[in-house]
Amino acid sequence: MSQLSYKAGQLHIESNNLSALAEQFGTPLYVYSKSQILANWQKFRAFWPSQHKLCYAVKANSNLAILQLLAQHGAWFDIVSGGELKRVLAAGGSANQVVFSGVAKSEAEIRFALEKGIACFNVESAAELERIEQVARALKTRAPVSLRVNPDVDAKTHPYISTGLKANKFGIAINDAMAVFRRAHTLNHIELLGADCHIGSQIMSDAPFLDAAKRMFKLLERLQEEAIELSHLDLGGGFGVDYEGHATLDLENYLQGVIDLAHDYPKLTLMLEPGRAIVGDAGVLISKVEYIKRSDDKQFVLVDAGMNDLMRPSLYQAWHDIVPVRELTGVADGIVDVVGPVCETGCFLGHARHLNVNADDLIAIKHAGAYGFTMASNYNTRVRPAEVLVENDRAWLIRERETFDDLIRGERLIAEE
Ligand SMILES: *Cc1c(COP(=O)(O)O)cnc(C)c1O
């Protein structure tokens with residue numbers, strides 16, 4: 001992240017000293033750069049003409065202040081639950097700028113979204129389409145709908161997205177799609193608006209994206225032949241973030257490719273759903289070293305952040321760069337495992353790192369802005385971290401650290417007889 005740099009031997013985010021933030025707000029602490037979030041947003045905006053929509057995928061980082069910031073900059077939102085719709089509304093967003101994805105929407109979620117007037121349901125199965133028709137009929141309204149198609153992008157050419165294929169639970173298989181579109185077109189309480197796809201996450205090459213886009217435009221052509229006209233095409237998110245510092249996605253090439261494909265459809269609105277690419281590199285997790293533990297063949301750095309705070313390393317062996325907050329002089333000698341306090345062998349933040357730190361030092365885990373706090377849990381009865389947003393030398397506490405009382409709220413002892 002360009003907003004992270006050492007000044008006078010101390011790691012800063014924008015003009016905020018991370019040691020000072022740790023002192024003020026405690027650790028573990030998530031810190032996000034407002035300037036970086038907006039720079040990431042503007043990068044998409046620059047390549048995407050203004051008649052096309054950018055829907056921020058709320059699940060990447062759903063803090064109200066971040067949703068507020070993006071709403072103020074014209075964002076639409078992609079949500080995957082009724083709870084996320086409530087967040088968007090609480091942050092000042094508008095329901096009519098929300099698209100609702102997710103494979104197992106409940107009847108209550110569908111009703112709530114219809115009552116609030118969302119822009120579109122991204123429907124993931126034929127059964128869901130029928131359920132939305134029923135709920136809309138009961139409410140005497142029409143539900144705006146897009147059908148999510150699984151374009152089955154070839155795994156052989158793109159093994160890194162091998163989960164985004166026919167076999168997965170998301171979307172309607174492309175070979176079944178025509179039949180479901182025909183059905184949607186005939187239903188009285190469905191307003192068929194669009195088609196969408198989302199082929200996976202953390203994708204670093206534009207090739208699979210372009211493959212999927214071509215298949216989606218093919219589908220539009222076939223629909224047109226049957227006089228089924230769509231007003232939008234939503235190509236989802238999944239834009240990779242450069243965690244390891246050596247590869248970047250050629251976003252401009254991809255977006256230009258899509259705009260070229262859309263050339264024959266001047267009335268078609270295009271949509272994207274970036275999540276990680278907007279917030280991933282805009283956040284760090286600050287943690288304090290509690291102890292150093294040496295055994296015969298290993299050295300552990302035991303820190304106060306664990307898998308409950310940042311789950312990605314444990315869940316997907318994700319690699320996050322870890323750096324000391326006090327700038328190192330000289331070369332790190334030892335190789336260490338950076339591990340957290342949770343009682344699981346899988347609770348680690350980084351294996352086999354060159355990192356010279358001592359007890360009470362602070363470390364920064366980089367690229368922690370996406371799927372960090374939103375995946376945090378209270379496992380081991382640990383409170384979730386505080387979150388801070390910074391800009392220049394200002395810092396706003398945007399979520400208080402939880403308290404023990406927050407954790408046990410709603411729990412009940414059984415009454416004594
Ligand atoms: C998660 C998700 C996104 C965002 O994915 P990123 O990899 O964070 O860009 C977009 N669309 C849908 C349907 C999703 O489920």
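In each ligand, atom 1 is the first atom listed, and ligand 1 is the first ligand listed.
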K.L.:
Could you tell me whether Asp78 approaches ligand 1 through its side chain, its backbone, both or neither, with non-hydrogen atoms closer than 4.0 Å?
P.N.:
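The side chain, only.
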K.L.:
Counting from 1, what ligand 1 atoms have a heavy atom of Ser201 closer than 4.0 Å?
P.N.:
6 (P), 7 (O)
K.L.:
Can Arg182 and Glu226 be counted as an ion pair, charged N to O under 4.0 angstrom?
P.N.:
yes
K.L.:
Is a side-chain donor-acceptor pair under 3.5 Å present for Thr269 with Gln51?
P.N.:
no
K.L.:
Classify the ring geometry of Tyr30 against Tyr32: parallel below 30°, tilted from 30° to 60°, perpendicular beyond 60°.
P.N.:
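Answer is parallel, since the angle falls under 30°.
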K.L.:
Find all atoms of ligand 1 within a distance of less than 4.0 Å from any non-hydrogen atom belonging to Gly237, and give their numbers and elements.
P.N.:
9 (O), 10 (C)
K.L.:
Does Ala57 approach ligand 1 within less than 4.0 angstrom via side chain, backbone, both or neither, non-hydrogen atoms only?
P.N.:
side chain
K.L.:
Which atoms of ligand 1 have any heavy atom of Glu273 under 4.0 Å away?
P.N.:
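That gives atoms 3 (C), 4 (C), 9 (O), 10 (C), 11 (N), 12 (C), 13 (C) of ligand 1.
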K.L.:
Which residues pass the ring pair (Phe, Tyr, Trp, His ring centres under 6.0 Å) test with His185, sequence neighbours left out?
P.N.:
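Here no residue qualifies.
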K.L.:
Show me which atoms of ligand 1 lie under 4.0 Å from any heavy atom of Gly275.
P.N.:
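The list of qualifying atoms is 6 (P), 8 (O), 9 (O).
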K.L.:
Closest non-hydrogen protein atom to atom 14 (C) of ligand 1, residue and atom name please, with distance?
P.N.:
Lys59 NZ, 2.8 Å
K.L.:
List every atom of ligand 1 that sits less than 4.0 Å from any heavy atom of Tyr371, numbering the atoms from 1 in the order shown and giving each element.
P.N.:
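Heavy-atom distances to Tyr371 below 4.0 Å select 1 (C), 4 (C), 5 (O), 6 (P), 8 (O).
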K.L.:
Scan residues 195-223 for pairs that pass ring pair (Phe, Tyr, Trp, His ring centres under 6.0 Å), counting only residues two or more places apart or in two chains.
P.N.:
Phe209-Phe239, Phe209-Tyr254, Phe217-Tyr265
K.L.:
Gly238 near ligand 1, heavy-atom distance under 4.0 Å?
P.N.:
yes
K.L.:
Between Arg183 and Glu130, is the closest basic N to carboxylate O distance under 4.0 Å?
P.N.:
yes
K.L.:
For Ser35, does its backbone N or O pair with a side-chain atom of Glu14 as donor and acceptor, under 3.5 Å?
P.N.:
yes
K.L.:
Number the atoms of ligand 1 from 1 as they appear, then name those within less than 4.0 Å of a heavy atom of Arg148, with their elements.
P.N.:
13 (C)
K.L.:
Counting from 1, what ligand 1 atoms have a heavy atom of Ser101 closer than 4.0 Å?
P.N.:
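Counting atoms of ligand 1 from 1, those under 4.0 Å from Ser101 are 13 (C).
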K.L.:
Taking 4.0 angstrom as the limit and counting only heavy atoms of Arg276, give me the atoms of ligand 1 inside it, by number and element.
P.N.:
6 (P), 8 (O), 9 (O)
K.L.:
For a quick test of reading the model, state the closest non-hydrogen atom pair linking Ala113 to Leu85 and the distance between them.
P.N.:
CA-CD2, 3.8 Å
